[in-house]
Amino acid sequence: MEKIQSARPLDEKTVSRWKMEWNVRTNVRAGKLAGCLNEFRTRLESQKEDLPEIIQEAESTRGGFCGYPARATSILSKFAFALYPEIAAPADQYTRRGLFLLSGISLVNLDQDYLLYFRS
């Protein structure tokens with residue numbers, strides 16, 4: 001997390017390493033993803049209190065986040081968590097499963113609604 005937090009701007013090598021460490025699976029090349037995440041970071045820094053809404057909005061943009069054809073909740077929430085672990089919640093199949101095991105709340109569709117996931 002420290003490398004992501006301190007890298008300004010993010011570069012291809014840092015993003016490649018982060019993708020491997022966080023099991024981020026995407027066909028978007030690390031160099032292109034670095035540029036997209038730099039823009040996303042700038043927005044988060046200026047509106048950190050709106051983090052869940054920013055993730056929800058960014059991942060549902062027309063054409064997908066950074067050209068990623070599927071919903072990008074996992075990528076965006078993991079990146080936000082790397083930047084702000086005290087306020088962000090990573091959302092992927094593993095965290096949803098863990099939350100279900102701890103709380104009993106079925107989180108099947110929450111990957112499509114980050115705001116609801118974040119509140120849960």
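Because only heavy atoms are used, hydrogens play no part in the values below, and waters and symmetry mates are left out as well, while side chains stay in.
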Show me, pair by pair, the donor-acceptor contacts under 3.5 angstrom made by side chains of residues 27-35, not counting sequence neighbours?
none

Enumerate donor-acceptor pairs with a distance under 3.5 Å from any side-chain N or O in residues 75-88 to protein atoms, sequence neighbours excluded.
{"unit_1": "S77", "atom_1": "OG", "unit_2": "T73", "atom_2": "O", "d": "2.8"}
{"unit_1": "S77", "atom_1": "OG", "unit_2": "S74", "atom_2": "O", "d": "3.3"}
{"unit_1": "S77", "atom_1": "OG", "unit_2": "A91", "atom_2": "N", "d": "2.7"}
{"unit_1": "K78", "atom_1": "NZ", "unit_2": "W22", "atom_2": "O", "d": "3.1"}
{"unit_1": "K78", "atom_1": "NZ", "unit_2": "S74", "atom_2": "OG", "d": "3.4"}
{"unit_1": "K78", "atom_1": "NZ", "unit_2": "D92", "atom_2": "OD2", "d": "3.2"}

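Remark: M20 CE to R17 CZ distance equals 7.5 Å, nearest 0.5 Å. Atom CD of E57 is separated from atom CZ of F65 by 12.0 Å, given to the nearest 0.5 angstrom. Separation of atoms CG (D50) and CD1 (I55) is listed at 11.5 Å; rounding is to 0.5 Å.
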For this session: List the steps and the verdict of side chain to side chain contact (heavy atoms under 4.5 Å, CB included) for F40 and I54.
Result: CA-CA 9 Å; F40 182 68; I54 293 170; 3.7 Å; yes

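A donor-acceptor contact shorter than 3.5 Å is absent between the side chain of N38 and the backbone of P9. Listed for the T14 side chain is no donor-acceptor partner under 3.5 Å among the backbone atoms of L10.
With sequence neighbours left out, the side-chain hydrogen bond (donor to acceptor under 3.5 Å, both in side chains) criterion links Q47 to R43.
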